[in-house]
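Some notes on the structure that comes next.
Chain naming here is simple, since letters A, B, ... match the order of the sequence lines and numbering starts at 1 in each. Quantities reported herein were computed from a predicted structural model and do not represent experimental measurements.
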Protein chains: 2
Amino acid sequence: MSRKTPDQLRDVLRDFRRDQVVDVARRLFGERGSTDVSMEEIATEAGVARSTVYVYFANRDELLRACLERMHTQLLDGLAAAWEEGAEPEDRLRTLFEGVFELIDDSPAFFRLAVTTEDAVAVTADAVQRGASPSTPGLAMIGLNIARLIQDLYEEGVAAGRFRPLDPTVATALIGQMLFGAMSIRAGDPAPGPRDEAAAVVCDFVLHGLAGEGVRG
Amino acid sequence: MSRKTPDQLRDVLRDFRRDQVVDVARRLFGERGSTDVSMEEIATEAGVARSTVYVYFANRDELLRACLERMHTQLLDGLAAAWEEGAEPEDRLRTLFEGVFELIDDSPAFFRLAVTTEDAVAVTADAVQRGASPSTPGLAMIGLNIARLIQDLYEEGVAAGRFRPLDPTVATALIGQMLFGAMSIRAGDPAPGPRDEAAAVVCDFVLHGLAGEGVRG
DNA sequence: CAAGGAATCGGACACCGTGTCCGATTCGCT
DNA sequence: AGCGAATCGGACACGGTGTCCGATTCCTTG
């Protein structure tokens, strides 16, 4: 062969090294704020020179984006794994909350990160509607895929006659809001309760709301 | 009198100057991130020397806290103003959302600020239950008062037979989560819809949930 | 008006983190 | 052994923070 190492292999290696750094950065960013942790510290902890980090990431922000993207895929993987278990829309909803909580419990500072880093908050269903191209780079996708998940879930539920027929865009946004709120609060809770319980409670609330059962309708 | 200016007056003056700086800081922090805006800039914009800012605030963090506290009181004032209008629990709930949205629209970066600055996320009702002493300094109060508001609202609703009787702590937390999520999303929405509409939609969701009306119970 | 004190200015300072650069070194491959 | 790529490590400029202090302004009071 003319090339000593195929570009392909070289890239794999490169990704591996990148991941190595991202792992550390994610942990440190998680424990303390995204500020308060220096490049030096990340590099040292990852066992590389500071200058080497800058080979893989143009700057601090890009490293942060990489961390968020990793958490994102981690979340989606986790959700996909448990996704097929229950066929009932209600169960899927609960699964969704449980999966999200699992990620939060694993690295509670997820949100401080996500929120700090601009526009990751686009759990709005508009985004789905506006159909941001799947090639959209970076963080827009982070909430987008979840929004899509929610919208699918909701429409299934309506089709099955389990959910009220609302404007799907609005409904998706509302569920997303609840999800976001629940995540944020759990992320800030120093002593969160059991995951399944918490998910069940939130899920019940999302389904039936606040109003007394006999009161209305 | 022995004193040229009574300490009292001196303090008033001092507060006035402080507010002057906080006003500017809040705006700038709001427009761009809490990072990305230097003390120098704040000072200049406020028409004082950088060193003078450090007379009133020990450091950047303290200035940030002051900004958040100001927003907090602003929010509570706004809510209190419209609080008595509707006696019905449902109306009060809607008023709550509207009031919060109003603040958000006024300075959308409220949340990036609040969330970034640790533990402001304590909208958990546990906090109310644990009864954090009212003297608790700083940001713990920021969500606490709102939580108290929510809890009162909820208990009124239950007493009036309008809300389902749940564990008040849990119910408060859930409403708080929805509120938090709604705020966050609206804060990130580049083109938010009319306030009253948005509030009405969220409110309806909180009241009746997702499930079809005839489906369950 | 003159004197005095408090607040403010403005500029110097040390410190730290970022991002860039480059020569020296190590590592893997042939 | 020899080559090239990756890595090291340490220098650098830059910008922001927080501290300090002498000079200046403003207001009060005698």
Exercise. Using a heavy-atom distance cut-off of less than 4.0 Å, which residues of residues 16-25 of chain A contact DNA chain D?
Worked result: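 Hits under 4.0 Å, by residue number: A/R17.
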
Problem set entry | Pairwise salt bridge (Lys or Arg N to Asp or Glu O under 4.0 Å) hits with a residue in residues 44-56 of chain A, at least two apart |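 Qualifying pairs: A/R27-A/E45, A/E40-A/R50.
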
For this session: For nucleotides 16-21 of chain C, just jot down a letter per nucleotide in 5' to 3' order: B, S or -, based on protein non-hydrogen atoms under 4.0 Å.
Result: -SBBBB

For this session: Using a strict 4.0 Å threshold on nitrogen-to-oxygen distance, state whether B/E31 and B/R26 make a salt bridge.
Result: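 Not counted as a salt bridge, because no side-chain N and carboxylate O are separated by less than 4.0 Å.
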
For this session: Could you tell me whether B/D204 and B/R94 make a salt bridge, using a distance below 4.0 angstrom between a side-chain N and a carboxylate O?
Result: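 No.
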
Problem set entry | CA sep, side-chain torsions, deciding dist, call: B/R186, B/R195, side-chain contact (heavy atoms from CB on, under 4.5 Å) | CA-CA 10 Å; B/R186 190 174 180 93; B/R195 263 202 291 282; 3.7 Å; yes

For this session: Kindly determine whether B/E155 and B/F163 satisfy side-chain contact (heavy atoms from CB on, under 4.5 Å), including the steps that lead there.
Result: CA-CA 8 Å; B/E155 281 170 353; B/F163 296 163; over 6 Å; no

Exercise. When all nucleic acid strands are considered with a 4.0 Å heavy-atom cut-off, which category describes A/V48: base, sugar-phosphate, or nothing?
Worked result: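 Since only primed, P, OP1 and OP2 atoms lie under 4.0 Å of A/V48, the category is sugar-phosphate.
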
Exercise. When rounded to the nearest 0.5 angstrom, what distance separates OH in B/Y54 from CG in B/N59?
Worked result: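 Answer rounded to 0.5 Å: 7.5 Å.
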
For this session: Let me see the working for A/L93 and A/I175 under side-chain contact (heavy atoms from CB on, under 4.5 Å), right down to the final yes or no.
Result: CA-CA 10 Å; A/L93 189 62; A/I175 301 172; 4.3 Å; yes

Exercise. At under 4.0 Å, does any side-chain N or O of B/Y56 touch on OP1 or OP2 of C/dT8?
Worked result: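 So the side chain of B/Y56 is within the cut-off, an N or O lying under 4.0 Å from OP1 or OP2 of C/dT8.
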
Exercise. Checking side-chain contact (heavy atoms from CB on, under 4.5 Å) for the pair A/R65/A/L68: CA distance, chi angles, key distance, verdict?
Worked result: CA-CA 5 Å; A/R65 302 178 83 82; A/L68 288 174; 5.7 Å; no

